[in-house]
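First listed ligand is number 1; within each ligand, the first listed atom is number 1. Remember, it's a predicted structure, so these values are computed and weren't measured experimentally. Numbers for residues simply follow the sequence, beginning at 1.
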Amino acid sequence: MSDKVIKIGIAGMGAIGSAVARALIEGIEGYALTHASDLSPPPLESLLPPPSHSSTTMPPQFNYVKFNDLAKACDLIIEALPPTAVPALTDEVFSHGKDLILISSCALLMFPEILTHPRRKNSRIIVPSGALIGLDGVSSLAQMGIKSARIASTKPPRGLAGAPHITAQNINLESITQKTMLFSGNALEAAKAFPANVNVAATLSLAGIGPENTQVEVWADPEAVGNSHKIEVIGEFSRMTARVENTPDPANPKSSMLAAQSIISILKKMSAPLVVL
Ligand SMILES: NC(=O)c1ccc[n+]([C@@H]2O[C@H](COP(=O)([O-])OP(=O)(O)OC[C@H]3O[C@@H](n4cnc5c(N)ncnc54)[C@H](O)[C@@H]3O)[C@@H](O)[C@H]2O)c1
């Protein structure tokens, strides 16, 4: 640990980026939000913590810049972009040798060249648990060998709108009247079919036995209130089942409130004297 304040840059100030920005503006010891990037930045007032939480009434002090200046100016970059915008960001982050907290884990499956980027010498990529639980156990089990890993994600139909698989298969989400499986395949195929919806599957695959061997089901359920995920991971010495039900983020129903909190939790762990992982 050091006394140096780590300068944070957030790329993507939508539902997740804004929630992390609010927490930083409210105050996380050891960090300062200095820069952000967004094609259409949210109004500054929306980033102010509620008066009951805040010790300051000062407007937030940070600059909106392009990815290049964000990577140059900041010590640590937080990615909260659509997955297709991630390679342009990682190019700049790697060129400046900075570390990256990356929430759009589907991007690592869609654009595998990110991980083998020739300029990625000094940059660590940290993938948060996001909307998923149980990754601590999966990582431990991976040390001894995992035989199989499955995840089933269930969402209200409207949360899947706009996904390439829905468009390609001409699926009418409004006509779904009962819980229906819309996709079954491996995590690599799932990331291409539902890039904004299966980050949890991508993250599970990266923590476990890889995208090709991780089985994914995507279900639409008109009765579902939120997004739920069930994982089943089997190894030689343990069988794991974990299930989480998340409230959708009101700012983006495809995302869950838990995802932004997982980034905030990582920031706190990175500077804490006691860490439980
Ligand atoms: N790992 C997980 O469990 C998990 C959970 C939820 C969401 N996610 C992912 O996190 C990412 C962010 O989610 P969100 O809900 O905040 O999305 P969002 O749509 O609310 O926000 C994305 C923001 O990025 C901005 N943007 C788009 N293209 C840009 C570009 N080229 N340059 C700069 N800014 C750009 C948009 O203006 C928007 O403000 C998504 O990829 C989502 O799929 C991951």
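The protein non-hydrogen atom at the shortest distance from atom 21 (O) of ligand 1 is Gly14 CA, 3.2 Å. Of the protein's non-hydrogen atoms, Asn199 ND2, 3.5 Å is the one closest to atom 8 (N) of ligand 1. Nearest protein neighbour of atom 1 (N) of ligand 1, counting heavy atoms only, is Ile103 O, 2.9 Å. The protein heavy-atom contact nearest to atom 16 (O) of ligand 1 is Ile16 N, 2.8 Å. Nearest protein heavy-atom neighbour of atom 6 (C) of ligand 1: Ser255 OG, 3.5 Å. Atom 22 (C) of ligand 1 has Ala80 O, 3.6 Å as its closest protein atom, hydrogens excluded (heavy atom only).
Inter-residue side-chain proximity for Ile77 and Asp99 is flagged as unmet; no heavy-atom pair is nearer than 4.5 Å. The closest side-chain heavy-atom distance from Ile263 to Ile78 is below 4.5 Å.
Salt-bridge check for Asp249 with Lys254: failed, with every basic side-chain N at 4.0 Å or more from each acidic carboxylate O.
Among the atoms of Pro82, none of the N or O lies under 3.5 angstrom from an N or O of ligand 1. Residue contacts with ligand 1: Leu81 is placed with a nitrogen or oxygen under 3.5 Å of a nitrogen or oxygen of the ligand (distance criterion only). For a threshold of 3.5 Å applied to N or O pairs, the pair formed by Asp38 and ligand 1 contains at least one separation below that value. Remark: ligand 1 and Ser256 share no N or O pair separated by less than 3.5 Å (distance only, no angle test).
Under a 4.0 Å criterion applied to the non-hydrogen atoms of Ser104, ligand 1 contributes the atoms 9 (C), 10 (O), 11 (C), 40 (C), 41 (O). The Pro83 neighbourhood of ligand 1 comprises atoms 41 (O), with distances under 4.0 Å to a heavy atom of that residue. Near Ala85, with a cut-off below 4.0 Å to any heavy atom, the atoms of ligand 1 are 31 (N). Of all atoms in ligand 1, listed by their number and element, those nearer than 4.0 Å to a heavy atom of Ala259 are 5 (C), 6 (C). Listed by number with element, the atoms of ligand 1 under 4.0 angstrom from any heavy atom of Asn252 are 14 (P), 15 (O), 17 (O), 18 (P), 19 (O), 20 (O). Atom numbering of ligand 1 starts at 1 in the shown order; those under 4.0 Å from a heavy atom of Phe67 are 32 (N), 33 (C).
Judged by distance alone, with hydrogens and angles left aside, the side-chain atoms of Ser262 form a donor-acceptor pair with the main-chain N or O of Ala259 at under 3.5 Å.
Residues Ile234 and Leu204 do not share a hydrophobic cluster, defined by chaining ILVMFWY side chains whose heavy atoms lie under 4.5 Å apart. Linking ILVMFWY residues whenever their side-chain heavy atoms come closer than 4.5 Å, directly or via other members, places Phe62 and Leu76 in the same cluster. If you chain together hydrophobic residues whose side chains sit under 4.5 Å apart, Met240 and Leu135 fall into the same group. Clustering ILVMFWY residues whenever any of their side-chain heavy atoms sit less than 4.5 angstrom apart, transitively, puts Ile266 in the very cluster that holds Ile10.
Contact annotation: for Ala131 versus ligand 1, heavy atoms closer than 4.0 Å belong to both the backbone and the side chain. Here Lys254 has no heavy atoms under 4.0 Å from ligand 1, in either its backbone or its side chain. Residue Ala15 touches ligand 1 through backbone and side chain together, judged by heavy-atom distances below 4.0 Å.
Residue contacts with ligand 1 leave out Leu132, since none of its heavy atoms falls under 4.0 Å from the ligand. Heavy atoms of Leu39 approach ligand 1 to within less than 4.0 angstrom. Distances from ligand 1 to the non-hydrogen atoms of Ala251 include no value under 4.0 Å.
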When you look at Val138 and Ile231, which way does the side chain to side chain contact (heavy atoms under 4.5 Å, CB included) test go after all the steps? CA-CA 10 Å; Val138 175; Ile231 64 171; 4.1 Å; yes

ring-ring contact (aromatic ring centres under 6.0 Å, His included) between His165 and Phe183: does it pass, once the steps are laid out? CA-CA 8 Å; His165 182 78; Phe183 174 88; 5.5 Å; yes

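Sequence neighbours left out, the pairs with a member in residues 194-210 that pass side chain to side chain donor-acceptor pair (under 3.5 Å) are Ser105-Thr203.
Ring-plane geometry between Phe94 and His117 is classed as perpendicular, the angle between the planes exceeding 60 degrees on a 0 to 90 degree scale with a lower cut at 30.
For Asn172, the side-chain contact (heavy atoms from CB on, under 4.5 Å) criterion is met by Glu174, Ser175, not counting sequence neighbours.
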